[in-house]
Asker: 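Before anything else, here's the structure in question.
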Amino acid sequence: MTETVLFKAALAAYVASAFVYGGSLLKRRVLTARFGAGLMLVALGIHTFYYLFRWIGEADIPSVDVYDTLSFFAWAMAASYLAMQLRTKTRVLGAFVAPVISVLMIVASIDLGGSVVGSSALKGTLVIIHVMLSVAGEALFAVATLAGIMYLIQDRLLRKKRDRSLIHLFPSLHDLDRINYICLFWGFSLLTLGILAGSFWARIAWGSHWQWDPKQVWTLLAWGFYAFLLHQRLAIGWQGRKAARWSLMAFFALLLMFVLESFLFRSAHTFM
Amino acid sequence: MKLILVGMNYKTAPVELRERLQNYCSDQDVALPDLMMNPEIKEAICLATCNRIEVIARLGDTARGEDFLKNFMCTQGNFDINETEKYLYIYRDIDAVLHLFRVASSLDSMVMGEPQILGQIKDAYRMAVDRHATGVLLNRLTHHAFQVAKRVRSETEIAGNAVSVSYAAVELAKKIFGSLKGKAALLIGAGEMSELAARHLIRQGAGNLFIANRTIARAQQMAEEFHGAAVSFDEFPSFLPEVDIVIASTGAPGYILTAPMVAAALKKHKHKQHMLFLIDIAVPRDIEPEVGELDNVYLYNIDHLQDVVDANRAMRRGEALRAEELIAEEVAGFEKWFNSLAAVPAIVRLREKTDSIVQGELARFSAWLGGLKEEDRAHVEWLVSSVVNKILHDPITVLKEESSEGDELPDMAAIRRLFKL
């Protein structure tokens with residue numbers, strides 16, 4: 001019961017934060033965005049409580065279904081974005097992040113606390129670690145992508161020399177590029193660890209690291225995509241527009257994977 | 001009440017006149033004692049900047065104090081007393097409060113939103129405090145003015161955007177590079193505009209500065225001033241890969257910087273996607289417009305920058321309306337306290353009167369009181385004053401409430417009459 005209340009409160013705060021952020025874009029005020037950030041922080045706090053409460057309440061190790069995953073994805077996005085904001089003055093990036101989080105949370109609330117259909121094979125600490133790391137990594141990729149989108153918009157605004165108040169409101173290209181890079185770097189690291197954890201567990205559960213599972217294949221492809229992008233950034237010195245565009249493409253590949261895999265294939269990773 | 005502000009600014013008085021007054025007023029060791037010597041001036045602050053000279057004071061007698069201040073300005077400014085109307089503005093009481101709040105918030109400045117004025121008021125106030133020229137009223141008023149200015153600054157964007165071309169360029173550079181710390185710049189042409197831009201860049205922490213000019217002597221002179229390096233004009237393209245910002249302002253008749261040149265320079269840079277910000281303030285233009293279409297290259301010419309400045313000016317005017325609302329709010333808040341000061345003399349006299357009655361009666365019974373124990377005597381004195389205070393409490397509250405609300409004070413008149421104050 002308390003769980004549901006906490007979840008709904010967090011959801012409401014995220015949505016409120018998204019609206020306040022939207023207002024800051026409409027009114028062109030950084031000050032408003034600051035309130036949005038405050039609301040998001042409150043939402044994150046409640047959301048964290050929700051997890052703590054569940055963790056204490058559930059004797060069993062929590063099981064994972066797609067709705068839980070979405071909620072955790074939202075949590076990781078909020079946490080990483082707010083952490084990023086501590087270091088750079090990029091408050092209005094929240095105007096892109098908060099709506100995405102809100103949508104994730106709304107979808108997650110559809111089957112909140114519903115019965116878990118997932119097979120009993122999908123239980124165990126290693127599974128939880130695998131899921132948490134992968135999802136957190138992907139959430140960071142999402143933040144990187146949003147920073148990339150904002151970069152491309154700001155780049156365009158600076159080129160077109162129109163809508164100056166928006167140029168003024170948006171963060172600098174340098175900051176957006178940096179956020180894109182940092183999120184990419186940490187997202188890649190977490191995802192790599194997540195994949196490793198998953199493959200270890202697969203070895204224990206199914207006796208082999210690799211099953212040619214569609215999700216495995218796609219994830220590896222996306223992972224390769226991101227590895228390439230990170231390499232180009234670190235070794236070749238990619239930055240700015242090109243890096244932003246590529247991070248967008250990489251994320252769309254990841255999304256495509258998720259959608260295709262959910263609807264077209266049956267795999268060990270299907271939870272619905 | 002007896003608050004007054006007499007002053008002149010860039011709108012009301014010509015510069016020769018302001019100069020004379022400013023020369024005199026900026027030496028606060030002369031101006032303030034001269035002011036305070038008059039018995040009608042109870043408190044005073046003298047603000048003297050290049051755009052305004054203002055004296056704000058609490059007066060004893062309103063008419064005489066006002067005349068003195070007008071005379072004071074005429075004499076020191078060396079203009080005829082009949083011309084005061086033309087040059088001076090005089091604000092009384094709450095109007096003076098409003099004016100000070102507006103000045104402190106930079107709404108009355110030549111460049112609206114400029115930050116210096118607040119510092120200048122702070123200095124003037126500190127000097128007045130050091131010379132014991134301020135009291136309850138001006139202390140509270142100036143501190144309130146500082147708060148208002150701070151609020152205006154944080155809640156509106158009146159000081160938000162650049163209103164000069166060279167500063168607009170720096171603001172844009174920040175939107176690209178985040179911070180300008182350690183960024184290198186190349187100035188092609190060493191004119192006045194590029195000098196101004198260079199000054200802004202250096203203030204923002206820009207590092208290396210390369211200066212190319214047709215007359216190398218001028219380049220060297222500027223390089224010396226900004227601790228940069230002069231480079232020969234023909235060689236400037238070879239410095240393009242080294243820099244982040246280029247400011248072109250030569251008198252050349254055609255383009256001196258073309259897209260292929262910039263593209264080649266970017267290829268040489270250690271980062272392939274190096275960002276380059278080019279500002280072309282020359283007319284006719286120095287930089288080929290196609291340069292702005294290259295990846296990670298941002299090109300602004302003088303018209304673009306002027307557009308930015310115009311838009312920012314318009315935005316500041318919009319923000320000024322919000323600031324005025326905010327100030328009106330603050331003035332209303334201050335007015336309550338300010339008006340309640342009107343009740344202070346009556347309250348003081350009421351207390352003095354009752355105190356003297358208490359002391360008189362205690363003296364009358366001193367013989368009997370003397371026979372009591374120390375402790376009992378203290379109890380009796382405490383009892384008497386406690387009764388008096390209880391009786392006075394309601395009338396004083398009424399006085400304070402009445403005076404904080406408006407000008408008409410029938411209750412105060414009644415109390416004066418009833419208590420024969």
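Below, each value reflects all heavy atoms present in this structure, side chains not excepted, and no hydrogens, waters or symmetry copies. We name chains A, B, ... by the order of the sequence lines, and we start the count at 1 in each one.
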Asker: Picking from B:D307, B:L299, B:L172, which has the most non-hydrogen pairs under 4.5 angstrom with chain A?
Answerer: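 Top option by heavy-atom pairs under 4.5 Å: B:D307.
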
Asker: Answer with side chain, backbone, both or neither: which region of B:E293 has an atom nearer than 4.5 Å to a non-hydrogen atom of chain A?
Answerer: backbone

Asker: Would a line drawn from the ring center of A:F72 to the ring center of A:W75 be shorter than 6.0 Å?
Answerer: yes

Asker: When A:F228 is tested against each of A:W246, A:W223, A:F188 for ring pair (Phe, Tyr, Trp, His ring centres under 6.0 Å), which residue passes?
Answerer: A:W246

Asker: Relative to chain B, which segment of A:L31 carries a heavy atom at a distance below 4.5 Å: side chain, backbone, both, or neither?
Answerer: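 The answer is the side chain of A:L31.
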
Asker: Crowded around B:R316 CZ? As in, over 12 foreign heavy atoms under 6.0 Å?
Answerer: yes

Asker: At a heavy-atom separation under 4.5 Å, does A:R28 approach chain B through its side chain, its backbone, both, or neither?
Answerer: backbone

Asker: Please say whether more than 12 non-hydrogen atoms of neighbouring residues, nucleotides or ligands are located less than 6.0 Å from CE in A:M132.
Answerer: no

Asker: Return the option, out of A:D155, A:D175, A:L176, with the maximum number of heavy-atom pairs under 4.5 Å with chain B.
Answerer: A:D155

Asker: Give, as side chain, backbone, both or neither, the part of B:N312 having an atom under 4.5 angstrom from any heavy atom of chain A.
Answerer: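 Neither part.
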
Asker: Sort B:F177 into side chain, backbone, both or neither according to what part of it lies under 4.5 angstrom from a heavy atom of chain A.
Answerer: backbone

Asker: Using a strict 4.0 Å threshold on nitrogen-to-oxygen distance, state whether B:E157 and B:R322 make a salt bridge.
Answerer: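 Salt bridge: no.
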
Asker: Is the distance from the ring center of A:Y50 to that of A:F7 below 6.0 Å?
Answerer: yes

